[in-house]
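Accompanying notes for the structure given below.
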Amino acid sequence: MRVLVVDDDELTIEALKTILSSLNYVVESATDGEAGWQLIESFNYDLILLDVMIPRLDGISLCHRLRSQGHQMPVLLLTGRNSGHEKAIGLDAGADDYVGKPFDPEELVARIRALLRRSSLTSGPVLEWGDLCLDPSTCKATYGTQTLSLTPKEYALMELFLRNNRRVFSCGAILDHLWSFEETPGEEAVRTHIKGLRQKLKAVGATADLIETVYGIGYRLKPLESLSASSAKTAKPEAPGDAIQQQTLAAIAGVWEQFKDRIYAQVEVLGQAATALTQCSLTQELQQQAQQEAHTLAGCLGTFGFPEASQVARKIEDSLQVNQTGNPEQGLQMQEWVGCLRQAMTQQPDGLMVVKPTTLVNRDRPLLLVIDSDHRTVNLLLQEADNWGLCVEVVNDPTMARAAIARQRPDGALLDLAISPDSLSLLTELNRQIPPVPVLVFTAQSHLVDRLEVVRRRGQAFLQKPASPEQLLQAVLQMLRQGDNCTAHIMVVDDDPQILATLQLLLEPWGLKVTTLEDPKLFWEALEAAPPDLLILDVVMPHLSGIELCQIVRNDSRWNSLPILFLTAHTDTAIVNQVFAAGADDFVSKPFAGPELVARILGRLERTRFLRRLADTDPLTGVWNRQKSSHLLEQSLKLAEQHQQPLCFVVLDLDHLRQINDRYGHGTGDAVLHQLGKLLQRSFRDEDVVARWGGEEFIIGIFGLNRQDGLQRLLQVLTAFHREEFSAPGAPNDALQECIRFRATFTAGVAQYPEDGTDLRTLYRAADAALCRAIAETRGSDRLSKHIALARSADADLPEAHPTPLRKRSSA
């Protein structure tokens, strides 16, 4: 279980880490309230230990913020302020328990266990599942009458499963719960610990699948009803992994049809080698060719639905390891095996089916299909959608929706379940598309059974009516961003063209762009020409091995974080160790199961994307941070130079942030900055660069726009921002404690490439100088138009030695 300690006393933090780590909890810490809040927004915690008197944001305010933002994890206040009144304030703020300092470790741990019991599906002090039993107070695990000897991570895994005994955990979710951010390993570590735990359970008499794999999703405890052999089978809803399995098998079936003749030719080579071996005339060249063909067949036949044929090919490969010109007895054995291969390929491959993937269409803006008959909601959506960068098509019933999808595949759908009894069937159909169409269910139906049905049919999100257009469109954009994996680029390096074609047909229906490369000598040029988001390598290839390529990638600072997955027919332990020692993130052996491979790739992309996004964005405002935006702006400038287009560059300051903080508190100032960031995000295109460079300063770069048009665009944004009303708590001495309402503005300077500067530094100086003039002109004026000023080209021509003029901003 993952615990966050927020306390400004380093000694207390160390003591808590020592105590809780000894009980197999993962402990992370923050020394002030704002840092704690950032961690809470970024990671999942099972419990929070919170001091009250901490800098930047006190514990009571942090607790208020947690509950107001919908966080439900247990909170235990741990503080030296022990009066009854102070305890009451803490508990009223949303804390679940209160312990005074100095604390008794035994009592504190008991209270933590009690809080974790309340938040889990089990309420007893001892966790049980059939004959499996775990006592958190003694850290003792047993199966029946036998004690289990577990490592700390195995113990933590078992506790996680037992506290959430009906939940399926993906590898990523397990990593989030059991490892800290600093030590997070690859998903292979999770699989290794699961394997170890299963072996120990099996050794004490438990069924091998007590921790069962839910195909394409993750792991869970086997349901109790399934553990009983006499239990009757019950209807099971379609698992999310089922759709992946059906779609990937369909893709593999297409590859089999495409390469069937080639595979028959490979088998023919094996037949020739067997005959030559029988006749004592096997040449070294034919032996090496046959061995290579057998190796390839062992890898691909199982993937195509012939697992037994794959094993036979492996036997042939092993028998050809020894150089020899003739061995009649071995030749006859090989002829028999070749006959088995031919016989196997005359049969229908296991489970392959044909489904036609949906055609993907490239558009400038995402298309949202709205299936709703609520005219008021639809009209509000249509009015706002353009500002949020969305195209919207509206239909009134599932029949019209099916027709619209047949014409043009949407990027996402908004569905009201109440419009027709056929709505749930439509939801299922949308999730069976290749790739699935993400669906936000927006409905007045709020019963648990409705939500459960949506989950079973794989609805991406559930939002209850009524909701404002902003809430609705934010939920839509979040849903569409979750599907951004489908725009990722995968590079595959393998000397087997069948594997390359298989992966291409397997992955492209999911919207993934796949680049294949047969010759590893061309690897670096291909990598530079089309930078991938994930790399798939074979181990053995001519001239360069996959392990060597992996080491080359890891040695380059630009690529050392690129996720690498090995796909190989070599499965011995030494090779696996070499692969991970070279820096691989994952390992899949051939023959591979298509659905599993797709699920692994999508999961890896999602996790990588999440970590990158976390590192590149400003946590308060959600826009890019300075480092990321500098890189993006440099790219935009190169593009502008290449196509001889203007680039509008803006430096923007939130007005009077210091006074807002002093008068209403930093929490209110943060809320204004957050709102400004969100407004800027939805006011500009995805390809525009919007970033916070620190404090109250934002940067915007717009390719293809001149400064005059940029000024007009900013005036529209400023007008919209000024219409928003913010509120802050009243003064403490105000008997009525009425909220204070106020409005905010920003001021901006606008420059243009190439007239005001040809690089980032000179453009910044020109826009910054314009901003300073605008700040001076707004004094004594209430006209919004005075808040935005254009750069003068002469400002950008200052000598290099001149320092950037200092200016006073928020205090102006």
Side-chain angles (χ1 to χ4, degrees), residues 361-367 385-391 411 484 487 489 513 528-531 558 616-617 623-653 677 679-693 697-720 746-771 773-774 785 787-798 800 804:
V361 179
N362 291 325
R363 304 183 201 88
D364 293 336
R365 292 184 166 200
L367 173 62
D386 189 56
N387 295 331
W388 292 67
L390 291 172
C391 296
D411 297 284
D484 277 355
T487 61
H489 176 205
K513 181 183 176 186
E528 297 276 3
R558 287 175 301 164
D616 292 339
T617 55
V623 300
W624 297 120
N625 59 26
R626 181 170 183 162
Q627 182 178 7
K628 176 67 177 179
S629 62
S630 297
H631 175 67
L632 295 175
L633 285 166
E634 294 287 359
Q635 287 183 330
S636 298
L637 284 171
K638 286 181 182 175
L639 202 63
E641 181 183 11
Q642 182 180 353
H643 297 280
Q644 297 186 343
Q645 290 288 316
L647 184 142
C648 180
F649 184 88
V650 180
V651 176
L652 181 154
D653 270 10
L679 176 64
L680 293 175
Q681 271 187 312
R682 63 176 188 263
S683 299
F684 294 92
R685 304 168 299 180
D686 286 346
E687 57 266 33
D688 298 334
V689 182
V690 178
R692 183 186 179 205
W693 273 22
E697 185 178 82
F698 292 78
I699 296 294
I700 303 168
I702 314 165
F703 171 75
L705 195 74
N706 62 41
R707 53 190 170 196
Q708 287 292 347
D709 290 339
L711 183 145
Q712 294 303 319
R713 179 82 65 86
L714 281 172
L715 274 175
Q716 294 171 7
V717 178
L718 176 58
T719 304
F746 61 76
T747 305
V750 185
Q752 175 180 320
Y753 168 88
E755 286 76 7
D756 301 313
T758 55
D759 57 31
L760 191 54
R761 182 167 176 262
T762 52
L763 277 172
Y764 177 86
R765 291 174 59 190
D768 190 60
L771 171 62
R773 286 200 307 276
S785 60
H787 283 250
I788 302 170
L790 296 178
R792 294 193 294 256
S793 298
D795 291 334
D797 296 332
L798 291 173
E800 288 287 319
T804 302

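Predicted model only: the values in this text are computed from it and were never measured.
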Flag the pair [X] / [Y] as yes when at least one side-chain heavy-atom distance between them is below 4.5 Å, and no otherwise.
{"X": "Phe649", "Y": "Ile700", "answer": "no"}
{"X": "Ser630", "Y": "Trp693", "answer": "yes"}
{"X": "Val690", "Y": "Trp624", "answer": "no"}
{"X": "Val651", "Y": "Glu697", "answer": "yes"}
{"X": "Leu718", "Y": "Thr747", "answer": "no"}
{"X": "Phe684", "Y": "Arg713", "answer": "yes"}
{"X": "Leu652", "Y": "Ile699", "answer": "no"}
{"X": "Asp653", "Y": "Leu771", "answer": "yes"}

If you take all heavy atoms of [X] and [Y], which pair is closest and at what distance?
{"X": "Tyr753", "Y": "Glu641", "result": "OH-CB, 3.3 Å"}
{"X": "Ser629", "Y": "Val689", "result": "CB-CG1, 3.8 Å"}
{"X": "Asn625", "Y": "Ala691", "result": "O-CB, 4.1 Å"}
{"X": "Arg692", "Y": "Val623", "result": "N-CG2, 3.4 Å"}

- Apply side chain to side chain contact (heavy atoms under 4.5 Å, CB included) to the pair Gln716 and Thr719, showing each step before the final yes or no. CA-CA 5 Å; Gln716 294 171 7; Thr719 304; 5.8 Å; no

- Query: Does CD belonging to Glu528 count more than 12 external heavy atoms closer than 6.0 Å?
  - Reply: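 Buried by this count: over 12 neighbours within 6.0 Å.
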
- Flag if over 12 foreign heavy atoms under 6.0 Å of CD, Gln627: no

- Query: After noting the C-alpha distance and the side-chain angles of Asp768 and Arg765, does the key distance pass the side chain to side chain contact (heavy atoms under 4.5 Å, CB included) rule?
  - Reply: CA-CA 5 Å; Asp768 190 60; Arg765 291 174 59 190; 5.6 Å; no

- Item | Note: Arg707-Asp756 ion pair, threshold 4.0 Å (strictly below) |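 Yes.
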
- Message: Quick check on side-chain contact (heavy atoms from CB on, under 4.5 Å): which of Ile702, Asp709, Leu711, Asn706 does Cys648 satisfy it with?
- Response: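 Considering Ile702, Asp709, Leu711, Asn706, a side-chain contact (heavy atoms from CB on, under 4.5 Å) with Cys648 is found only for Ile702.
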
- Query: Parallel, tilted or perpendicular: which describes the rings of His643 and Phe703, with under 30° parallel and over 60° perpendicular?
  - Reply: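 Because their plane-to-plane angle is over 60°, the rings of His643 and Phe703 count as perpendicular.
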
- Hey, does the side chain of Thr758 reach the backbone of Pro754 with a donor-acceptor pair shorter than 3.5 angstrom? no

- Stepwise, does the side chain to side chain contact (heavy atoms under 4.5 Å, CB included) test hold for Leu647 with Gln752? CA-CA 6 Å; Leu647 184 142; Gln752 175 180 320; over 6 Å; no

